[in-house]
Structures are given as C-alpha cells and as structure tokens.
Amino acid sequence: MVSRVIPVDPFDLVIFGGTGDLARRKILPGLYRRYCAGQMPEEARIIGAARTEMDSAGYREMVSEAISEFGGKDACDNLDAFLAMLDYVAIDARGETGWAELQQMMAGKDRIEVYYFSVAPGLFGDLAERLQQWGMAGEDSRIVVEKPFGRDLASARALNATLATYFKEQQIYRIDHYLGKETVQNLMAVRFGNMLFEPLWNRQYVDHIQITVAETVGVGGRGEYYDKSGAMRDMVQNHLMQLLCLIAMEPPARFDPDAVRDEKLKVIRALDPVLPHHLVRGQYEAEEGNEEEAPSYRDAVDNPRSRTESFVALKAHISNWRWHGTPFYLRTGKRMVARSSEITVVFKDTPHSIFAEDAGRHRNVLSIRLQPNEGITLGVTIKEPGPGGMRLVDVPLDMTFAEALGPDGGDQVDAYERLIMDVIRGNQTLFMRDDEVEAAWAWTDPIIQGWEARNDVPKPYDSGSTGPTDAGEMMRRDGREWRKVSP
Ligand code: BG6
C-alpha cells in the first residue's frame with residue numbers, strides 16, 4: 001500500500017535554533033525526507049537562524065552532516081538540490097544582530113512564512129517581539145513553539161499572553177510530538193472509523209484503561225533541564241495527557257482543529273484531582289555492574305540530593321457520564337525494562353458465565369501499541385482446542401500495522417515531518433490550543449505542589465525494571481495488574 005503524497009504550497013521556514021540538537025536530529029533530516037517524498041516544492045526555502053557565526057555554505061555543510069548522522073540520507077540521492085534551498089543568518093534573539101538581514105531575506109515574497117522557535121523557552125517571548133518589531137509578524141505568518149510550554153499554570157498563562165500580544169491563536173502551533181505519531185492518530189481512526197468499538201467505549205463495558213509510556217533511556221545529556229522538570233512535567237502533563245484525551249474524548253462532530261480540541265479540552269477539565277495515595281513517584285538507580293554507562297539518576301543529573309522523579313504512576317478519574325467510576329492508570333518512566341508505549345482497554349467480565357466454573361474466564365483486552373511494532377491486539381476468548389469438555393482460553397487477534405499494510409504503510413513518516421507539513425498547510429488539528437495547555441497545567445500543578453509540600457522523596461527503582469514496587473502495589477490494592485512491559 002503506497003501512501004499518497006500531497007505537495008504543500010511554497011513556503012519560507014525560518015528555524016531559530018537552526019544549529020541546535022532538535023534541528024539537527026529531527027527537523028532538518030525530516031524536511032529532507034519530505035523533499036525526497038515529493039512533498040516540498042522546489043521554491044521552498046529553509047533559513048537556519050542561530051547565534052553561531054557561519055555563512056550559508058557552512059550551514060549547508062552542517063545540515064548535510066546532520067542528515068548523514070541522523071537518518072534520511074538514503075531517502076533519495078538529491079541532497080545537493082535540497083541543500084540549495086538552505087540559507088543561514090547569524091542572529092541574536094535579544095539583540096539587533098542579524099534581524100535586518102533576516103527581514104531582507106523575507107521581504108517581498110508572497111508565500112507562507114513559518115518561524116520555528118526551536119530555542120530555550122526563555123527566548124520565545126523575545127523572538128515573538130523581535131518578529132513584530134521587524135515587520136515579520138504579518139497576518140499570514142505562523143510560529144511553531146516547542147515544549148516545554150511553561151512549567152506550571154502561571155508561566156504557561158504568561159507565555160500564552162505574551163505570544164498573544166504579537167500573534168493570533170490561529171498563527172500559533174504548539175508542538176506535542178506525540179500527536180504527530182502515526183499510531184496516535186490511529187487512535188482516532190480506530191475509535192471513530194469503526195462501528196465495533198464505540199458502543200462499548202464507556203463505563204458500562206470498560207473496567208479500566210491503562211496508558212504506559214516506558215523508556216529504556218535515562219536522562220542522558222539533558223540532566224540540567226530534566227532535574228528541574230521530572231517525569232510529571234516532561235511526560236505526563238503533555239504526552240500522556242494527550243493520549244488520555246484521545247482515548248477518552250467524545251466523538252468530535254468533524255475532524256477539524258477546533259472540533260477535536262474542544263473535545264480534548266472537555267476531558268482535561270473533567271479530570272478529578274489525583275489523591276496522594278493514587279500517585280507513585282520513582283527515581284532510577286544505577287544498573288548493577290554497569291554504573292559507569294548506566295549511572296543512577298542522581299549521578300546522571302549530578303545532583304546527589306535530587307528529589308526529582310524519573311517515573312510516575314497514577315490513577316486518574318474522569319467525572320463525566322461516559323467514564324464516571326472507570327479508572328485510568330497512567331505510567332511513564334525512564335530506564336525501564338523495555339521501550340514500549342501502549343494503551344490498554346480492559347473490558348469487564350461477561351455478566352454471567354454459562355460454562356462450568358473450572359472452564360476459565362477471560363476478559364477482553366484491547367491493546368493499542370504506539371511504539372515500537374505499532375499495532376492492535378484484541379484478546380478474544382475461545383474454546384481450547386481438543387477433546388475433554390469446554391475449557392476457555394484467551395487468544396490474541398493480533399495485527400501489526402507494518403505486516404497488515406506492507407512496508408510503505410508502516411510508520412514511515414516521523415512525527416516532526418508530519419507536524420511541519422501540517423503547519424505549512426495551516427492545519428492546527430494536531431497542535432495544542434492555549435486553553436488546552438492551561439487546563440493540563442491546572443490539573444498537574446496541585447499534584448506537583450502536593451509533592452513539594454509533603455517533601456516527597458521518590459521511591460528508588462532498579463534500572464531495567466518496571467518501576468518502584470509501589471506502582472504494582474497501587475494496582476494490586478484495586479485487584480488489578482499492570483500490563484507487562486515488553487519490547
Ligand atoms: C520528550 C521528552 O518530549 O519525549 C523526553 O522530553 C522523552 O524526555 C521523549 O524521552 C520521548 O519521545 P519518544 O518519541 O521517544 O517516545
């Protein structure tokens with residue numbers, strides 16, 4: 001199955017932070033892959049903008065190396081033509097250097113203008129202000145803002161207000177790269193493109209829902225940022241919250257930006273505050289015998305007294321008609337046993353079993369796997385084959401998308417590629433709206449404040465495990481268990 005590529009209109013994309021890690025790893029290789037796929041018109045222009053002094057030739061060389069290093073080189077053999085689309089301007093977000101030059105580059109062109117803020121969040125406001133001062137915040141221009149979008153409700157509100165001084169909401173694209181993942185969008189396709197699931201998608205038939213985003217990586221070189229954030233701010237407030245919204249929201253009337261975002265917002269606003277005994281925080285220890293390469297969290301962030309969590313598990317409740325009383329268990333952590341992101345819907349028992357007590361009884365479990373090996377598994381109860389009476393067994397109806405759809409139908413398009421193309425098309429469906437981000441912080445803030453007020457110390461867990469034992473205990477108290485974290 002070959003996917004259809006619809007080319008976008010000509011555009012100028014300015015990447016502030018164009019020499020940074022995200023630009024080199026994701027944005028530029030992603031753009032090259034879109035170019036190779038025939039999605040980018042020849043007239044498109046990409047302008048790297050950063051503090052480093054270099055000329056356009058130097059920038060092209062840097063981008064060429066980034067594409068070789070971070071994937072995409074084999075997408076086609078037209079690298080030189082792609083590099084010819086690139087320019088560079090050395091710029092100071094807070095000073096005057098480079099702005100006149102950038103203004104000149106952008107002048108007099110009747111095409112889509114996108115400014116990507118791939119910089120430290122402290123600079124978002126400065127860039128927005130400068131763009132306006134230099135006449136580049138026109139009605140049709142768009143800005144792309146990376147996470148973290150604030151670190152609490154107050155800072156997110158302040159940032160929204162600052163950006164709103166210079167740009168309208170329709171011009172602001174807040175990225176949560178989870179929304180660009182193929183399978184995350186598939187959640188909507190599965191729910192709203194099939195008759196099969198939606199009638200059962202409620203408190204009457206669903207016992208509980210689990211969302212797990214497990215990572216094997218540690219904090220790596222991002223210790224300074226991460227130690228001030230922790231898993232709650234880094235993963236739960238945004239990525240897991242978005243997954244929760246997509247799995248729990250009411251069907252939007254249309255697949256359009258505000259219809260979808262209105263429904264997601266209603267879910268966030270219906271979330272109950274989380275009780276302290278429904279929360280588990282953890283912090284990973286060093287891998288035994290491999291302390292050098294896999295140090296403890298505290299060593300990795302170089303803060304022996306750190307109380308920041310690298311793992312969170314919690315039980316959430318959504319107070320609305322559809323979900324009242326159905327728990328949503330969320331769990332995410334670094335240095336866990338496997339990299340695995342999965343949403344699992346566990347259905348209730350059949351109301352009455354017609355089979356003998358010793359025949360066995362199984363619940364239907366629908367598991368949507370986001371990464372790796374994207375796919376869907378549905379556990380179905382059948383008769384165990386063979387003679388000897390009626391015994392029941394649970395078998396998986398297993399569909400890995402790559403197998404079902406063939407090599408071209410798998411997850412070929414990286415989240416960033418898709419999201420950047422959506423910005424150019426002016427489609428905000430997969431971006432967070434101001435009220436959504438603020439509502440997510442309004443739910444997250446009391447959790448973090450509670451930990452701070454109680455001086456909460458995260459529970460240690462072994463690298464390569466499934467997190468602190470307390471997370472399992474929280475489930476056991478409810479008579480349930482976590483899904484196995486498997487690669
Ligand atoms: C980022 C977080 O937003 O998402 C990282 O800051 C995390 O800490 C990453 O590792 C996970 O993304 P993915 O796409 O690898 O699941």
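Read the numbers this way: they start at 1 and go in the same order the structure lists the ligands and their atoms.
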### Task
Do me a favour and list the nearest non-hydrogen protein atom to atom 8 (O) of ligand 1 with residue, atom name and distance?
Asp234 OD2, 2.6 Å

### Message
If we count only N and O atoms by modelled type, under 3.5 Å, do the side chains of Asp234 and Tyr225 hold a donor and an acceptor together?
### Response
yes

### Message
Starting from atom 11 (C) of ligand 1, what is the nearest protein heavy atom, named by residue and atom, and what distance separates them?
### Response
Glu215 OE2, 3.4 Å

### Task
Just need the protein heavy atom nearest to atom 14 (O) of ligand 1, so name the residue and atom and give the distance.
Lys181 NZ, 2.6 Å

### Query
Are Tyr329 and His208 close enough that their ring centres sit under 6.0 Å apart?
yes

### Message
Under 4.0 Å from a heavy atom of His239: which atoms of ligand 1 are those, numbered in the order shown and with their elements?
### Response
1 (C), 3 (O), 4 (O)

### Task
Would you kindly say whether Arg174 and Asn160 are connected by a side-chain donor-acceptor distance under 3.5 Å?
yes

### Query
Under the criterion side chain to side chain donor-acceptor pair (under 3.5 Å), which of Lys181, Glu436, Gln237, His177 is the partner of Gln242?
Glu436

### Message
Below 4.0 Å, non-hydrogen atoms only: which portion of Lys26 touches ligand 1? Side chain, backbone, both or neither.
### Response
neither

#### Entry: Sub-4.0 Å atoms of ligand 1 with respect to non-hydrogen atoms of Lys334
5 (C), 7 (C), 8 (O), 10 (O)

### Summary
Closest to atom 16 (O) of ligand 1 among protein heavy atoms sits Tyr178 OH, 2.5 Å

### Query
Do Phe16 and Tyr116 have ring centres separated by under 6.0 Å?
no

### Task
Provide the number and element of each atom of ligand 1 under 4.0 Å from a heavy atom of Lys147.
1 (C), 2 (C), 3 (O), 6 (O)

### Query
What protein heavy atom sits nearest atom 12 (O) of ligand 1, and how far away is it?
His177 NE2, 3.2 Å

## Note on the structure
So CZ of Phe328 and CD1 of Ile247: to nearest 0.5 Å the spacing works out to 8.0 Å

### Message
Looking only at distances, can you tell me whether any N or O atom of Tyr225, backbone or side chain, sits closer than 3.5 Å to an N or O atom of ligand 1?
### Response
no

### Query
When the aromatic ring centroids of Phe149 and Trp441 are compared, is their separation below 6.0 Å?
no

### Message
Could you identify the single nearest non-hydrogen protein atom to atom 15 (O) of ligand 1 and state the distance to 0.1 Å?
### Response
Arg339 NH2, 3.8 Å

### Message
Once rounded to the nearest 0.5 Å, what's the spacing between atom CD1 of Ile172 and atom CG of Asp434?
### Response
7.5 Å

### Task
Give yes if a backbone or side-chain nitrogen or oxygen of Tyr226 is under 3.5 Å from a nitrogen or oxygen of ligand 1, and no if not.
no

